[in-house]
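Notes follow once the structure below has been shown.
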Amino acid sequence: METKYYKSRVDWWVYAVVIFTVAYCLGFAICFDSYALMVPLGVAFAVLEIVAFCSVKYAIRGNELGVRGMNYGWTWYPIDKITEAHKRSGILSASALSTRRIAIRFSDRKILKSSSPLEISPEDRDTFLAELLSVNPNIML
């Protein structure tokens, strides 16, 4: 069974978080003359943020939709239980690095343990939606 992987779209604010972290640590180092502590700390935080942001990915494997978030491993959802998927812009907390997202609703609330939709931000939303539709043509767009 072939697995297709999709990168997350990345908005400007992700880069701003990394730049702010480094700038804050450098500013603190300059103000308090503590370069030996703050420069390595700023670099370490920036590397951790970059690794966390780069880990967000999506996958389609057979009848499963995989989501890998910033601080946890893969979570797999059944594509045949998806009832609705639509393009959305939002800032809710999600496994998404962009405000240009896809909101996915499932027929069974127990899948997400919530009535809120699953929000993801694949780089190419149209291709991703087409792939979901090829697995489950009953998805309402």
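Residues: numbered from 1 along the sequence shown.
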For this session: May I have the step-by-step check of side chain to side chain contact (heavy atoms under 4.5 Å, CB included) for Tyr5 and Tyr58, ending in yes or no?
Result: CA-CA 6 Å; Tyr5 294 95; Tyr58 313 107; over 6 Å; no
Seminar exercise, completed: When every non-hydrogen atom of Arg101 is compared with those of Ser98, the smallest separation belongs to NE-O, 2.7 Å
Problem set entry | Verify same cluster id: Ile120, Leu141 (apolar side-chain graph, 4.5 Å) | yes
For this session: Please determine if Glu123 and Arg9 form a salt bridge, counting it only when a charged side-chain N lies under 4.0 Å from a carboxylate O.
Result: no
Exercise. Just by modelled atom types, is the Ala52 backbone N or O under 3.5 Å from a matching donor or acceptor in the Ser55 side chain?
Worked result: yes
Exercise. Side chains of Tyr15 and Val10: does their closest heavy-atom pair fall under 4.5 Å?
Worked result: yes
Exercise. Do Ile139 and Glu84 have side-chain heavy atoms sitting under 4.5 Å apart?
Worked result: no
For this session: Assert yes or no for the condition that the ring centre distance of Tyr77 to Phe106 is strictly below 6.0 Å.
Result: yes
Exercise. Do Phe20 and Val14 belong to the same hydrophobic cluster, where Ile, Leu, Val, Met, Phe, Trp and Tyr are linked whenever their side-chain heavy atoms lie under 4.5 Å apart, directly or via other members?
Worked result: no
Problem set entry | Flag side-chain contact, heavy atom, 4.5 Å: Val17 against Trp12 | no
Problem set entry | Residue list, side-chain hydrogen bond (donor to acceptor under 3.5 Å, both in side chains) with Arg105, at least two apart or on another chain | none
Exercise. Looking only at heavy atoms, what is the nearest atom pair of Thr21 and Gly42, with distance?
Worked result: CG2-O, 4.5 Å
Exercise. Can you tell if the side chain of Leu65 reaches within under 4.5 Å of the side chain of Ile104, non-hydrogen atoms only?
Worked result: yes
For this session: Under the side chain to side chain contact (heavy atoms under 4.5 Å, CB included) rule, what do Leu129 and His86 come out as? Steps first, then yes or no, please.
Result: CA-CA 8 Å; Leu129 284 172; His86 63 274; over 6 Å; no
Exercise. Is there a side-chain contact between Lys7 and Lys57, using heavy atoms and a 4.5 Å cut-off?
Worked result: no
Exercise. In the single-linkage hydrophobic clustering (I, L, V, M, F, W, Y; side-chain heavy atoms under 4.5 Å), do Ile50 and Ile19 co-cluster?
Worked result: no
Exercise. What heavy-atom pair brings Ser107 and Thr83 nearest, and what distance separates the two atoms?
Worked result: CB-CG2, 3.4 Å
Problem set entry | Value rounded to 0.5 Å, distance of CD1 in Ile102 from CG in Leu118 | 10.0 Å
For this session: Determine yes or no for a side-chain-to-main-chain donor-acceptor pair under 3.5 angstrom, with Ser121 supplying the side chain and Leu97 the backbone.
Result: yes
Exercise. Taking atom SG of Cys25 and atom CE of Met38, what is their separation to the nearest 0.5 Å?
Worked result: 4.0 Å
For this session: Quick one: pull up CD1 in Ile111 and CG in Asp108 and give me the separation to the nearest 0.5 Å.
Result: 5.0 Å
Problem set entry | Pairwise side-chain contact, Thr3 with Ile60, heavy-atom cut-off 4.5 Å (strictly under) | no
Exercise. Measuring from Tyr6:OH to Arg125:CZ, what's the distance to the nearest 0.5 Å?
Worked result: 15.5 Å
Exercise. Shared ILVMFWY cluster between Val135 and Met140, side chains joined below 4.5 angstrom?
Worked result: no
For this session: Compare all side-chain heavy atoms of Val39 with those of Leu41 and state whether any distance is below 4.5 angstrom.
Result: no
For this session: Please confirm whether the backbone N or O of Trp13 pairs with a side-chain atom of Asp11, one donor and one acceptor, at under 3.5 Å?
Result: no
Problem set entry | NZ/Lys81: more than 12 non-hydrogen atoms of other groups inside 6.0 Å | no
Problem set entry | Side chain to side chain, Arg88 and Glu119, heavy atoms closer than 4.5 Å | yes
For this session: Take the angle between the ring planes of Trp74 and Trp76 and call it parallel below 30°, perpendicular above 60°, tilted in between.
Result: parallel
Problem set entry | Path from Phe28 to Leu37 over hydrophobic side-chain contacts below 4.5 Å | yes
Exercise. Side chain to side chain contact (heavy atoms under 4.5 Å, CB included) between Glu131 and Lys4: does it pass, once the steps are laid out?
Worked result: CA-CA 9 Å; Glu131 186 67 30; Lys4 293 184 181 178; 3.2 Å; yes
Exercise. Between the main-chain N or O of Pro78 and the side-chain N or O of Asn63, is there a donor-acceptor pair closer than 3.5 Å?
Worked result: no
